[in-house]
Protein chains: 2
Amino acid sequence: MKRGPYAKGAAKREEILSVALEVVAVKGCRKASNREIAERVGLTQAGLMHHFASREELYQEVLRARDIRDHEMFFAPDPTIEGFFAVIAHNAEVPGLVRLYVEFSAEASIPEHPAHAFFLERYAWLRDGLSGVIHRAQDSGTIGPAVDVSAAVDLLVAAADGLQLQWLNDHAVDMVARLRRLWEGIVAVSHAA
Amino acid sequence: MKRGPYAKGAAKREEILSVALEVVAVKGCRKASNREIAERVGLTQAGLMHHFASREELYQEVLRARDIRDHEMFFAPDPTIEGFFAVIAHNAEVPGLVRLYVEFSAEASIPEHPAHAFFLERYAWLRDGLSGVIHRAQDSGTIGPAVDVSAAVDLLVAAADGLQLQWLNDHAVDMVARLRRLWEGIVAVSHAA
DNA sequence: GTCTATAAAAGGATAGAC
DNA sequence: GTCTATCCTTTTATAGAC
């Protein structure tokens with residue numbers, strides 16, 4: 001149990017982040033409202049705005065918290081391709097998170113959006129991690145030298161994003177199996193002349 | 001010049017579809033409003049609702065019109081992988097369309113959404129077309145027999161979707177080059193044991 | 001930290017005139 | 001086919017009390 005002046009506020013914050021996902025999971029990001037989220041955590045809408053100044057900040061912080069947790073669980077100390085697959089596998093357990101990510105990142109692709117910078121930084125961070133994965137796989141000999149790392153990373157990220165959209169439409173889509181196949185293709189080509 | 005009782009209505013409809021894209025291009029799909037679209041075509045919001053009964057129907061019809069046009073331009077009579085690349089290359093010329101597609105398809109991934117069925121059918125249609133492409137490439141010997149067609153199609157569609165999101169965030173992303181690389185990988189693996 | 005109250009705006013939709 | 005007028009709903013956000 002945490003103590004100190006911020007313990008209660010922090011706990012409420014966590015609760016909000018978690019409940020936001022439940023609402024988004026069933027209503028979608030566009031139709032989810034701060035009011036409903038607030039009421040589900042036993043607050044009024046005004047009460048919720050004390051913790052998050054805007055709808056956009058709330059959603060951004062949900063995703064940021066996810067990234068921190070995933071990083072600790074699956075990537076520390078060094079990212080591997082299996083860790084990447086594990087993140088995706090874990091995503092299939094949290095539909096609200098996938099929906100929020102797909103919908104909110106699309107919404108935020110407009111440069112003026114409050115969360116635009118967040119997603120740009122996140123992309124850079126993700127690309128960095130995956131580049132490291134490929135380079136280490138080259139060092140260990142798993143993967144050959146003939147790879148355009150940048151192109152491979154773009155494809156992995158794009159496929160992961162696109163597969164999440166497919167998965168939202170049909171939970172039978174096996175995101176990890178598809179990504180593994182892509183990875184195998186990258187490995188195969190990397191050994192070619 | 002078209003004649004007949006529907007000529008004017010049809011022309012106005014086309015104009016609305018086109019202007020909707022301009023608005024979505026700069027405001028994004030979430031912030032775009034029927035009112036603004038209506039005013040830009042010289043109508044009131046109520047006037048616009050005569051042509052499209054709801055926001056969702058309007059956006060759905062924009063995308064449907066796009067698909068019909070793309071199909072005529074790039075896929076008739078038979079789809080090829082180059083036609084697929086040509087569609088993507090063309091997308092890079094119409095940012096509003098890409099933004100609408102990415103944002104609206106994400107929004108519509110919720111089963112209750114009015115456009116949900118549209119996107120499901122579109123997926124099936126797209127998958128069909130790409131499956132045909134692969135099978136014909138096999139017949140002509142371009143591609144080997146060792147392909148899981150379904151998996152390859154999933155990856156192509158996912159990558160195309162994900163790359164469009166990347167491209168929205170950074171127009172320097174070369175969607176076609178990335179997709180070509182994916183295709184080359186699929187071709188390479190298809191010749192493996 | 002949370003509430004009440006309220007603003008203020010905007011959105012989508014409809015009825016009925018022309 | 002389009003407008004006027006209007007409705008109703010919903011949303012985010014703020015001010016100030018407790």
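Throughout, protein chains are lettered first and strands after them, A, B, ... in sequence-line order, and every chain is numbered starting at 1.
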For this session: I would like to know whether A:N169 and A:Q166 meet side-chain contact (heavy atoms from CB on, under 4.5 Å); could you show each step before the answer?
Result: CA-CA 5 Å; A:N169 282 314; A:Q166 284 182 36; 5.9 Å; no

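Under 4.0 angstrom from either OP1 or OP2 of D:dC3 there lies at least one side-chain N or O belonging to B:T44. For A:H50 and C:dT2, the shortest distance from a side-chain N or O to OP1 or OP2 is not below 4.0 Å.
Note: CD (A:Q45) to P (D:dT11) measures 9 Å, nearest angstrom. When rounded to the nearest whole Å, the span between CD of A:E39 and C1' of D:dT10 equals 13 Å. Atom pair B:N34:CG and C:dA10:P shows a separation of 15 Å (rounding to whole Å applied). For the pair A:H51 NE2 and D:dA13 P, the computed distance is 16 Å after rounding to whole Å. B:M49 has its CE atom 16 Å from the P atom of D:dG1, to the nearest Å. Going from atom CG of A:L58 over to atom P of D:dT11 covers 14 Å, rounded to whole Å. Rounded to a whole Å, the CD1 atom of B:I37 is 12 Å from the P atom of C:dA13. As a whole-Å value, the separation of A:K27 NZ from D:dT10 P is 9 Å.
Note on A:S33: only backbone sugar-phosphate atoms sit closer than 4.0 angstrom, heavy atoms only; bases stay farther off.
Note that the NE2 atom of A:H113 and the OG atom of A:S105 stand 10.0 Å from one another [nearest 0.5 Å].
When atom types are taken as modelled, the side chain of A:E103 and the backbone of A:C29 share a donor-acceptor pair closer than 3.5 angstrom.
Along DNA chain C, the nucleotide nearest A:G47 and the nucleotide nearest B:R35 are compared for position; the residue whose nucleotide lies closer to the 5' end is A:G47.
Closest approach to the A:A46 side chain among D:dT4, C:dA13, D:dA15 is made by D:dA15 (side chain taken as heavy atoms from C-beta onward).
Between B:F104 and B:Y59, the angle of the ring planes goes over 60°, which puts this pair in the perpendicular group of the 30/60° scheme.
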